[in-house]
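Convention: sequence-line order gives letters A, B, ...; per-chain numbering from 1. Small disclaimer: the values here were computed from a predicted structure and weren't measured.
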Amino acid sequence: MFSKTIAQLARGLKDGEFSSCEITENYLDRISAQDNKYNSYITVTPELAMQQAKAADAVIGAGNAGIMTGIPIAHKDIFCSKGTRTSAGSKMLDNFIAPYDATLIEKFNAANSVSLGKTNMDEFAMGSSNENSYYGPVINPWGENRVPGGSSGGSAAAVAAQLAPAATGTDTGGSIRQPCALTNLSGIKPTYGRVSRFGMIAFASSLDQAGPIAKTAEDAAILLNVMAGFDPKDSTSADKPVSDYTASLNQPLAGLKIGLPKEFFSDDLNPLMAEQVQAAVKEYQALGAQIKEISLPNTALSIPAYYIIAPAEASSNLSRFDGVRYGHRCDAPLDLEDMYKRTRQEGFGPEVKRRILVGTYALSEGFYDAYYKKAQQIRRLIQQDYINALKEVDVIMGPTTPQPAFKIGAKTSDPVEMYMEDIYTLSLNLAGLPGMSIPCGMVDGLPVGLQIIGNYFAEERLLNVAHMFQQATDWHKNTAPGL
Amino acid sequence: MEWEAVIGLEIHAQLATTTKIFSGASTAFGAEANTQACAVDLALPGTLPVFNTKALEMAVMFGTAIDAEINKTSVFDRKNYFYPDSPKGYQTSQLFYPIVGTGSLEIELSDGNSKLIGVTRAHLEEDAGKSLHEKFPSMTGIDLNRAGTPLLEIVSDPDMSSAEEAVAYAKKIHSIVTSIGICDGNMAEGSFRVDCNVSVRHKGEQKLGNRTETKNINSFRFIEKAIKGEIIRQIEILEDGGSIPQETRLYDAEKDQTRTMRSKEEANDYRYFPCPDLLPIVIEDDYIDAIRSKLPELPDAKRQRFSEQYNLAAKDAAVISGNRAQADYFEIVATSTKDAKLAANWLLGEMAKTLNQNDLQIDQSPVDAQALAALLLRIKDNSISVNAARQVFEAMWNGEGSADQIISDKGLKQVTDTGAIEKIVREVIANSDKQVQQYIAAEPDKRGKMLGYFMGQIMKASKGKANPGQVQGLLKPILDSLCN
């Protein structure tokens with residue numbers, strides 16, 4: 001049962017092979033027996049899960065089941081879910097019980113899916129290794145001393161360890177794609193604005209986007225069908241019709257034009273990984289695709305630009321955590337300033353503080369033009385690079401990460417080295433484009449991710465391109481050792 | 001050496017939307033603390049703003065009313081600062097691209113001259129909540145009901161040079177925003193607040209002196225006092241060889257003086273940047289034209305019309321047209337009574353006095369326009385005397401009923417039957433032997449002054465109901481007939 005995809009579980013539920021209560025119970029048991037190895041959940045919600053499973057079974061019994069009815073999933077602990085602690089991986093919100101549901105949670109509830117609990121994450125989604133969580137690091141099921149990536153590391157580890165059939169994540173600079181690459185999963189960061197951000201705790205508002213983390217591209221399509229859509233509560237969500245992402249999964253790829261940016265295959269890339277990515281490209285050629293080398297000349301500027309814009313927005317977004325209305329408040333404040341200072345000193349971890357400081361500095365009077373404004377100009381250049389490239393090719397491919405899952409603690413002392421982990425992913429967030437990561441090989445027993453980038457709102461095409469690869473290869477079927 | 005003051009005002013007009021600028025919570029004043037603050041207003045994690053386009057419409061109305069530039073693209077920025085009544089840790093405002101650009105308006109001064117005052121810009125922003133320091137010993141209460149109420153901040157050029165000009169400008173803005181219905185103008189409730197930027201320099205000097213900003217003044221009288229006081233304070237310091245530090249000040253109405261709130265050094269670096277949660281506001285000419293065409297009559301046009309159509313004195317026309325509710329009230333009374341002069345007199349007299357005593361606005365008056373008109377009609381048809389009408393008005397104010405009902409209940413209807421009046425006149429004369437003899441003995445040109453006594457006695461005898469005009473018409477001929 002634990003190796004089944006959503007598509008398989010949905011068939012089993014429909015055929016009466018098992019009930020939602022049975023699946024849910026099995027998963028809850030497995031979480032309580034095994035998650036001490038991975039630390040992938042911050043909060044497990046067995047009562048809520050069983051209640052939702054019972055309701056789902058009734059819906060199935062009445063013959064009204066949708067594809068997600070009764071399917072258990074896990075949510076990144078960045079989505080507010082009514083009545084459940086929503087911590088964003090921070091001590092600041094350790095005591096915060098959300099009084100409302102995020103739009104994404106509402107949509108999964110409306111689809112009668114079952115929520116197993118809330119997954120671990122880098123604090124406020126800031127990190128690439130899930131070592132920045134107040135609730136401790138997450139262990140990659142592919143190696144007990146390896147990171148699962150971040151910031152959606154808990155979601156990725158939970159799915160990779162078969163502690164959930166699928167999970168939600170968010171991606172501000174690679175936080176869905178990089179963990180998927182490091183744990184052999186399929187995930188998509190949709191176009192900015194495709195999925196509502198309402199109720200998703202903000203890191204960098206102009207970059208944040210929610211998406212699914214799944215075992216297959218097909219499952220990702222099923223989940224995205226639930227998540228996508230305009231939300232009047234999010235002014236930046238796109239008021240555009242949503243396709244059925246499962247409709248054209250099997251469309252043949254003959255004639256597909258794939259661009260390979262030379263900047264994604266530079267010396268930074270582990271040569272063994274480069275081989276795997278090239279092998280995947282060959283596979284696509286065999287499926288009828290044409291390959292073209294392209295250039296995204298401003299790729300190198302994406303890290304500096306990102307590390308101005310994201311911290312600047314974060315410094316403002318995180319100002320609300322002041323100890324006044326909710327969340328952590330220091331003991332016995334002497335006065336207002338003391339309360340602010342100690343509350344934030346105690347409530348935020350070091351990486352969050354670092355980014356608040358960087359962002360505050362970048363927005364300061366006299367520095368704004370040199371940093372924030374300049375970074376926004378670079379952002380437009382990067383976006384233009386992609387727009388130009390996507391006039392000539394249908395999709396762009398490359399590695400998701402420069403190397404496979406690294407060891408816990410390997411990069412914690414050097415933040416810039418950690419930031420380099422997202423070199424191939426974060427330019428997409430700056431451009432607002434959709435991107436996927438799917439498994440495409442192994443290096444030293446660790447998974448390798450293939451990144452597929454498409455044009456704005458081309459999620460349907462991306463999922464089709466990913467799915468066809470998974471029809472032709474078995475990389476995505478690899479499971480972590482011992483499962 | 002002669003000094004001159006340079007004054008610019010920043011006016012915060014609360015927009016009269018029913019819901020907040022970025023959330024669906026109500027903006028009604030006076031609710032129990034924190035009952036009108038939703039998840040967005042409380043800045044709960046994950047919440048996002050959604051722009052209330054009603055506020056946009058009102059801002060554009062203001063822009064078109066003063067013929068200002070309307071920016072077809074305007075952008076919300078975040079003004080970052082920590083304060084407990086600013087729940088997000090930033091205020092959403094418009095710094096770089098405001099909705100309303102440059103415009104101007106004319107103010108009238110007491111010497112009969114008028115002056116053109118420039119408006120630099122007007123931008124949309126959200127109000128903060130309130131910090132209540134008095135109620136909770138050693139703590140501060142936070143009421144977020146007001147947080148997120150839409151404001152239009154109207155910034156003037158530094159074109160004013162006296163407190164009088166500043167007050168005239170503030171009143172002009174007040175009359176415009178209330179006339180077009182975008183602000184209730186209630187200064188006591190903080191719907192219209194004024195920050196005064198004041199500096200002084202030697203007359204003829206081009207360079208501006210250091211300015212102070214006195215914040216959140218909520219009455220025209222205080223604006224005048226605060227500016228006058230500030231000008232004197234600055235001149236005294238400069239004449240003593242001192243210098244004016246650039247700072248923010250507060251006006252203390254009780255002490256009638258301003259005091260330092262924070263110095264330039266303590267000023268925040270607000271780290272403005274475009275709000276990534278809100279899209280730029282993009283509007284088309286059609287949108288602006290539609291609003292312009294629906295704009296209600298503006299105070300200047302109304303004043304002009306009132307003096308022409310109703311033949312009102314210039315001053316009365318100005319006062320009545322300056323406040324939309326009052327102007328509307330006036331027009332109903334004037335039209336129903338077909339007597340604009342009488343309507344104006346009562347509105348600016350009895351009504352204004354009574355409103356003032358009760359600290360009410362015209363739209364809160366218990367006597368509505370139709371009711372007042374009904375009363376004035378009874379004066380016009382001689383049913384009651386003006387004195388009796390005042391009594392009736394008081395009773396109407398106290399809710400005792402309609403004019404006619406009160407006149408009848410209190411028996412105030414004038415006696416207009418000539419026979420009955422003549423009977424009373426003759427009785428009074430018969431009972432006033434001494435005064436009649438004095439009248440007869442007096443020089444004819446002194447006799448007129450002596451009628452007052454008889455009038456008084458007659459009115460008293462008629463219990464005030466005899467029509468004074470008729471009494472006068474009868475009294476003198478009867479007395480004069482006794483002199484022959």
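Inter-residue side-chain proximity for B:Cys38 and A:Tyr100 is flagged as unmet; no heavy-atom pair is nearer than 4.5 Å. Between A:Ser235 and B:Leu48, every side-chain heavy-atom pair lies at or beyond the 4.5 Å cut-off. Residues B:Pro45 and A:Phe124 form no side-chain contact, since every pair of their non-hydrogen atoms from C-beta on lies 4.5 Å or further apart. No side-chain heavy atom of B:Lys88 sits less than 4.5 Å from a side-chain heavy atom of A:Ser319. Side chains of A:Arg325 and B:Leu144 form a contact here, defined as non-hydrogen atoms less than 4.5 Å apart.
B:Tyr272 pairs by the ring pair (Phe, Tyr, Trp, His ring centres under 6.0 Å) definition with nothing, not counting sequence neighbours.
Listed in order of number, the residues of residues 196-210 of chain A that approach chain B to under 4.5 Å between heavy atoms are A:Arg197, A:Phe198, A:Gly199, A:Met200, A:Ile201, A:Ser205, A:Ser206.
Checking B:Arg78 against A:Asn317 by side-chain atom types alone, a donor-acceptor pair falls below 3.5 Å.
Proximity of a side-chain donor or acceptor of B:Asp269 to a complementary backbone N or O of A:Glu365 within less than 3.5 Å is detected. No donor-acceptor pair closer than 3.5 Å links the side chain of A:Tyr368 to the backbone N or O of B:Phe273. No donor-acceptor distance shorter than 3.5 angstrom exists from the side chain of B:Arg271 to the backbone of A:Thr360, with no hydrogens or angles considered. In terms of modelled atom types and a separation under 3.5 Å, the side chain of A:Tyr340 and the main chain of B:Tyr83 share a donor-acceptor contact.
Only the side chain of A:Leu336 has a heavy atom closer than 4.5 Å to any heavy atom of chain B. Using a 4.5 Å cut-off between heavy atoms, A:Phe367 does not touch chain B at all. Interface remark: A:Leu93 contributes side-chain atoms only to the contact with chain B (heavy atom separation under 4.5 Å). If you measure heavy-atom distances from B:Phe82 to chain A, the contacts under 4.5 Å come from both the backbone and the side chain. Looking at A:Tyr361, neither its backbone nor its side chain comes within 4.5 Å of chain B, counting heavy atoms on both sides. Heavy atoms of A:Pro99 lying under 4.5 Å from chain B belong exclusively to its side chain. When heavy atoms are compared at a cutoff of 4.5 Å, B:Asp277 approaches chain A by way of both its backbone and its side chain. With a threshold of 4.5 angstrom between heavy atoms, A:Phe79 does not approach chain B through any atom at all.
A:Lys82 NZ: 12 or fewer foreign heavy atoms inside a 6.0 Å radius. Crowding of A:Asp331 atom CG: a count of heavy atoms from other residues, nucleotides or ligands under 6.0 Å not exceeding 12. More than 12 heavy-atom neighbours from other residues, nucleotides or ligands sit within 6.0 angstrom of OH on B:Tyr287. For A:Lys91, the NZ atom counts as densely surrounded, since its 6.0 Å shell holds more than 12 non-hydrogen atoms of other residues, nucleotides or ligands.
Most heavy-atom pairs under 4.5 Å with chain B: of the set A:Phe321, A:Tyr372, A:Phe96, A:Tyr326, this distinction falls to A:Tyr326. For the set A:Ser316, A:Cys80, A:Gly323, the count of heavy-atom pairs under 4.5 angstrom toward chain B peaks at A:Ser316. By number of non-hydrogen pairs under 4.5 angstrom with chain A, the leading residue of B:Ile142, B:Leu44, B:Thr140 is B:Leu44. Interface summary for chain A: among B:Gly89, B:Pro87, B:Ala39, the most heavy-atom pairs under 4.5 angstrom belong to B:Pro87.
Atom CG of A:Asp322 and atom OG of B:Ser86 lie 8.5 Å apart (nearest 0.5 Å). Between the SG atom of B:Cys275 and the CD atom of A:Glu313 there is a distance of 9.0 Å, given to the nearest 0.5 Å.
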